[in-house]
There are 2 protein chains.
Amino acid sequence: MNYHEAKDKFIQTWGTLGSSWGISRTMAQVHALLLISPDALSTEDVMDQLKISRGNANMNLRDLLDWGLAYKELKSGDRKDFFIAEKDIWKVAKQIIKERRKREIEPVLNALEELKAVKGDKNDKKHKAFVEAVTNIERVVEKADFAFDKAIKLDENAIVSALFKLFK
Amino acid sequence: MNYHEAKDKFIQTWGTLGSSWGISRTMAQVHALLLISPDALSTEDVMDQLKISRGNANMNLRDLLDWGLAYKELKSGDRKDFFIAEKDIWKVAKQIIKERRKREIEPVLNALEELKAVKGDKNDKKHKAFVEAVTNIERVVEKADFAFDKAIKLDENAIVSALFKLFK
DNA sequence: CTTAACTTTCAATAATTATTGAAAGTTTTA
DNA sequence: TAAAACTTTCAATAATTATTGAAAGTTAAG
């Protein structure tokens, strides 16, 4: 496999992985391209290399900035924006967890809390099953939330070695 | 909020959460419905309550069985299949992690391994950046894979208390 | 066997989500 | 201030993904 084949396959692979873990396919592809680029790229570079439109490139670069997965780099003597990826993948992972915790877990916890207050006959089979299910789920979601919160505060090796110790 | 409102909101919430964590919206909704149902439901019950077609109900129930998130229950004197959800949410979470590890992480690790073997000038800036990026990613993905592998073997409290100890 | 009860499949269609590209907006330079 | 260089927006459109429902398939009972 030569450089170009490998590059395309990498962008494709990273895009697929990203989209299955909650970041959009194109955003992950742009990130992949930036990851393997030794130098910062402009919007046009991204457009050319991924064959996407200006609007699309702009949108996804902006989203990457929002997620903290890429940074702007201004080159003196050039008015264009250039972009570089966060290349510490552990930091990338933590950043994604952090964003998704905020965007997805928090609203769910709020919704679940509300749901427990359902009015009705507390001895009804359905009512009991409902409150029980919601309470159980809330407990697990809270624990997952807690785990993610801790994970983003630990470094790469600490979390792995902590888990490992449990099996020594 | 009365029972029906709460039920609908719960199904909606669980569907949204599911779809953002990699299981299809409708599959998560069917699972939600089964979760709060005190008794096993038939395909028709699911069709009626979620207002979805027979084909769709069948497909999603089958997928839930595949993922190990629901079970068939046969009632004597009835030829229909009835379904109940796995109600231990920690088990549900572990099951989802297990399936996604198999379906998504393993293929990515294989692809990354292949990519490291890219042919070309090892001193070229691009080539070096590429191999470095792929190697870094592989390292983190392997660690995440390891962590998930351990997580699905631990019980609910062990993993949380292990993380907690690191902060005491 | 044959019929009835039920489940599965799949091509057509609908719904959703992503992408384009031209126009509007912004910033910088001279 | 004007014009050039660049970025952002957004309505139209394309691509993708999910859903339907009728037909085919399967299983069990009579």
Side-chain angles (χ1 to χ4, degrees), chain A residues 11-12 14-34 40-67 69-84 100 103-104, chain B residues 11-12 14-34 40-67 69-84 100 103-104:
Chain A
I11 289 170
Q12 166 64 34
W14 199 234
T16 304
L17 184 67
S19 77
S20 71
W21 291 91
I23 72 172
S24 95
R25 199 178 113 270
T26 306
M27 178 169 144
Q29 289 179 337
V30 175
H31 185 242
L33 176 62
L34 295 177
L41 301 183
S42 68
T43 302
E44 300 230 325
D45 293 332
V46 172
M47 290 167 61
D48 292 348
Q49 296 203 42
L50 296 182
K51 309 260 194 314
I52 62 176
S53 72
R54 179 172 300 284
N56 202 8
N58 177 269
M59 202 161 188
N60 283 292
L61 283 165
R62 167 159 279 278
D63 285 348
L64 283 171
L65 296 178
D66 281 352
W67 281 70
L69 303 179
Y71 310 107
K72 265 190 192 176
E73 191 171 87
L74 300 172
K75 290 192 178 175
S76 51
D78 202 326
R79 272 161 64 180
K80 279 199 205 113
D81 288 345
F82 288 82
F83 301 88
I84 52 169
R100 299 198 59 194
R103 293 172 197 217
E104 291 154 17
Chain B
I11 290 170
Q12 167 64 33
W14 199 234
T16 305
L17 184 67
S19 77
S20 72
W21 291 91
I23 71 172
S24 97
R25 198 177 113 271
T26 306
M27 177 167 145
Q29 288 179 337
V30 175
H31 185 242
L33 177 62
L34 295 178
L41 301 182
S42 68
T43 302
E44 298 229 325
D45 293 333
V46 172
M47 288 166 61
D48 292 348
Q49 297 204 41
L50 296 182
K51 308 257 194 317
I52 61 176
S53 71
R54 181 172 299 284
N56 202 9
N58 177 269
M59 203 161 185
N60 283 291
L61 284 165
R62 167 159 280 277
D63 285 348
L64 283 171
L65 296 178
D66 281 353
W67 281 70
L69 304 178
Y71 310 106
K72 266 190 190 176
E73 191 171 86
L74 299 172
K75 291 192 179 176
S76 51
D78 201 327
R79 271 161 65 182
K80 278 197 205 114
D81 287 345
F82 289 82
F83 301 88
I84 51 170
R100 299 197 60 195
R103 292 172 198 217
E104 291 154 17

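Chain letters run A, B, ... following the sequence lines, proteins first, then strands; residues in each count from 1.
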**Euclidean distance, atom CG of residue B:D78 to atom P of D:dT27 [Å, nearest integer]** = 18 Å
**Asked** So, do A:L34 and A:L64 sit near enough that their side-chain heavy atoms are less than 4.5 Å apart?
**Response** yes
**Prompt:** Please give, in whole Å, the distance from C:dG21 C1' to A:M47 CE?
**Reply:** 9 Å
**Item:** Length of the line joining A:M59:CE and C:dT17:C1', which is rounded to integer Å
**Value:** 11 Å
**Request:** Please report, rounded to the nearest Å, how far the P atom of D:dT8 is from the CG atom of A:D63.
**Result:** 11 Å
**Request:** Return the nearest nucleotide to the side chain of B:S53; candidates are C:dT9, D:dT19, C:dT27.
**Result:** D:dT19
**Asked** Looking at side-chain heavy atoms only, is the closest gap between A:L69 and A:M27 below 4.5 Å?
**Response** yes
**Message:** Both A:R54 and B:N56 contact DNA chain D. Which one's nearest nucleotide lies toward the 5' end?
**Reply:** A:R54
**Asked** Are OP1 or OP2 of D:dT8 and a side-chain N or O of A:R62 less than 4.0 angstrom apart?
**Response** yes
**Between C1' of C:dA5 and CD of B:E44, the distance in whole Å** = 11 Å
**Message:** For B:W21, does the six-membered ring have the charged nitrogen or CZ of B:R100 within the cation-pi criterion, i.e. under 6.0 angstrom from the centroid and within 45° of the normal?
**Reply:** no
**Message:** At less than 4.0 Å, is any side-chain N or O atom of A:S24 found next to OP1 or OP2 of C:dA18? Yes or no.
**Reply:** no
**Message:** With rounding to the nearest 0.5 angstrom, report the CD to CE distance, A:Q49 to A:M47.
**Reply:** 12.0 Å
**Complete:** Heavy-atom nearest nucleotide on DNA chain C taken for A:G55 and for B:D81; more 5' hit belongs to B:D81
**Asked** With a 4.5 Å heavy-atom cut-off, do B:W14 and B:L33 have their side chains touching?
**Response** no
**Fill in**
Whichever of A:R25 and A:F83 has the more 5' nearest nucleotide on DNA chain D, that residue is A:F83
**Item:** Sugar-phosphate, base or nothing in reach of A:K51, heavy atoms under 4.0 Å
**Value:** sugar-phosphate
**Message:** OP1 or OP2 of C:dT7 versus the side-chain N and O atoms of B:N58: is any pair under 4.0 Å?
**Reply:** no
**Request:** Could you please name the option among D:dT20, D:dA29, C:dA18 that lies closest to any side-chain atom of B:I52?
**Result:** D:dT20
**Item:** Separation of C:dT9 C1' from B:L61 CG (nearest whole Å)
**Value:** 15 Å
**Item:** Nucleotide nearest A:N60 when distance is taken to its side chain, options D:dT19, C:dT20, C:dT19
**Value:** C:dT19
**Prompt:** Atom NZ of A:K80 to atom C1' of D:dT7: distance rounded to whole Å?
**Reply:** 12 Å
**Prompt:** What is the distance, rounded to the nearest whole Å, between atom CG of B:L41 and atom C1' of C:dC6?
**Reply:** 17 Å
